[in-house]
Amino acid sequence: HNFSTDTIFYHSIHGNLKSLKKLQERLVMYNLRQRDENSGSSRAQEGTTSSKGWAKVKARVHQLHEILSVDEDGATILHYASAYGHTDIVEYLLSLDAFDINAMDHSLLSPLHCAASHRHPKVLEMLLKYGADHAVRDLEDRTPVYMCVESSLYSTFSNKLSDAEGQAGGGGEDRSSDTEKVLVDCIKILAKYGCDLDACNSTGNSILMHASKGQNVEIVETLLKLG
């Protein structure tokens, strides 16, 4: 998605917590002022905000998405912040106590699915501590831990290809081990909160089967040990 720089979605993707808070404060100010105006409250006439300043705020807010709005795919900014691994923004959004932490987009993906598939252990831990459901399933019947391990299949092949290219060019940097470590951390966190490591998707493929396809020995060993 190419969101305008004026939206809360943009700041959630790019990790701009300060800007996100500023926009949220403007939304709160706008909503309070609108409520007062609609109720005929005298406070709206007190002029605590200059008419010029208020007009500027009002014009600005009309360009923004509401904090709880969703995009065309049904995703909230909590989905985006979780997918991009912005721990500070996820923590801020959860502290507002305004989100359904298990909200699903049109593909039935929850914020936990997003954090798991993009392998962000700190975000996973935070969402689970706040009560995220580790048993939710998307349209393909995949749980968050399933998507986490499934992502290892693609990341392993990608890293092996990059490593081979690097060695051919004299680089020789091995990124596979770093990826596997993050994946193992994610699996352990999800397992700590009681996720089902034997879960299968809609076609009957198990988590262990995906790990085996990716030839991730450490991940296979981790699943067997925890399961």
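The first residue of the sequence shown is numbered 1, and numbering continues consecutively from there. Here the structure is a predicted model, which is why all the values come from computation and not from measurement.
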> Can L183 and V149 be said to form a side-chain contact (heavy atoms from CB on, under 4.5 Å), step by step?
Replying inline: CA-CA 7 Å; L183 282 164; V149 174; over 6 Å; no

Of all the heavy-atom pairs spanning [X] and [Y], show the shortest one and how long it is.
X: G194; Y: H134; result: O-CE1, 3.2 Å
X: L127; Y: I101; result: O-CD1, 3.4 Å
X: A115; Y: L124; result: CB-CD2, 3.9 Å
X: D185; Y: P121; result: CB-CB, 4.4 Å
X: C186; Y: C148; result: CB-SG, 3.5 Å

Supply the atom-to-atom distance [X] [atom1] to [Y] [atom2], rounded to the nearest 0.5 angstrom.
X: F9; Y: L20; atom1: CZ; atom2: CG; value: 10.5 Å
X: K225; Y: I187; atom1: NZ; atom2: CD1; value: 13.0 Å
X: C195; Y: L128; atom1: SG; atom2: CG; value: 8.5 Å
X: L223; Y: E218; atom1: CG; atom2: CD; value: 11.0 Å
X: H118; Y: C114; atom1: NE2; atom2: SG; value: 6.0 Å

> Do D100 side-chain atoms and N102 backbone N/O form a donor-acceptor pair below 3.5 Å?
Replying inline: yes

>> For the backbone of L108 and the side chain of D105, can you confirm whether one donor and one acceptor N or O come within less than 3.5 Å of each other?
In response: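 It does hold such a pair.
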
Of all residues at least two apart in sequence or in a different chain, which pass the side-chain contact (heavy atoms from CB on, under 4.5 Å) check with [X]?
X: E140; answer: D138, R142, S202
X: K129; answer: E125, Y193
X: S110; answer: L112, H113, V136
X: V217; answer: E221

Identify every side-chain donor-acceptor pair in residues 81-88 under 3.5 Å, counting partners at least two apart or on other chains, and give the distances.
from, atom 1, to, atom 2, distance (Å)
S82, OG, L78, O, 2.7
H86, NE2, I13, O, 2.6
H86, NE2, G15, N, 3.2

Does the side chain of [Y] come within less than 4.5 Å of [X]'s, by heavy atoms?
X: S19; Y: I8; value: no
X: L190; Y: T143; value: no
X: D198; Y: I207; value: no
X: L197; Y: V145; value: yes

> Can you name the ring pair (Phe, Tyr, Trp, His ring centres under 6.0 Å) partners of H106, sequence neighbours left out?
Replying inline: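 Here no residue qualifies.
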
> When you look at Y80 and I89, which way does the side-chain contact (heavy atoms from CB on, under 4.5 Å) test go after all the steps?
Replying inline: CA-CA 10 Å; Y80 280 100; I89 290 182; over 6 Å; no

> If you group Ile, Leu, Val, Met, Phe, Trp and Tyr whenever their side-chain heavy atoms sit less than 4.5 Å apart, what else falls in with L109?
Replying inline: M147

> Among all residues two or more places apart in sequence or in another chain, which pass the side-chain hydrogen bond (donor to acceptor under 3.5 Å, both in side chains) test with H79?
Replying inline: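 H79 satisfies side-chain hydrogen bond (donor to acceptor under 3.5 Å, both in side chains) with T76 only.
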
>> So, using side-chain hydrogen bond (donor to acceptor under 3.5 Å, both in side chains) as the criterion, who are the partners of N205 when residues are at least two apart?
In response: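 Once residues adjacent in sequence are excluded, the partners of N205 under the side-chain hydrogen bond (donor to acceptor under 3.5 Å, both in side chains) criterion are T203.
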
> What pairs with D141 under salt bridge (charged side-chain N to carboxylate O under 4.0 Å, His left out), at least two apart in sequence or on another chain?
Replying inline: R137

>> If hydrophobic clusters are built by linking Ile, Leu, Val, Met, Phe, Trp and Tyr wherever their side-chain heavy atoms come under 4.5 Å apart, do M104 and Y146 end up in the same one?
In response: no

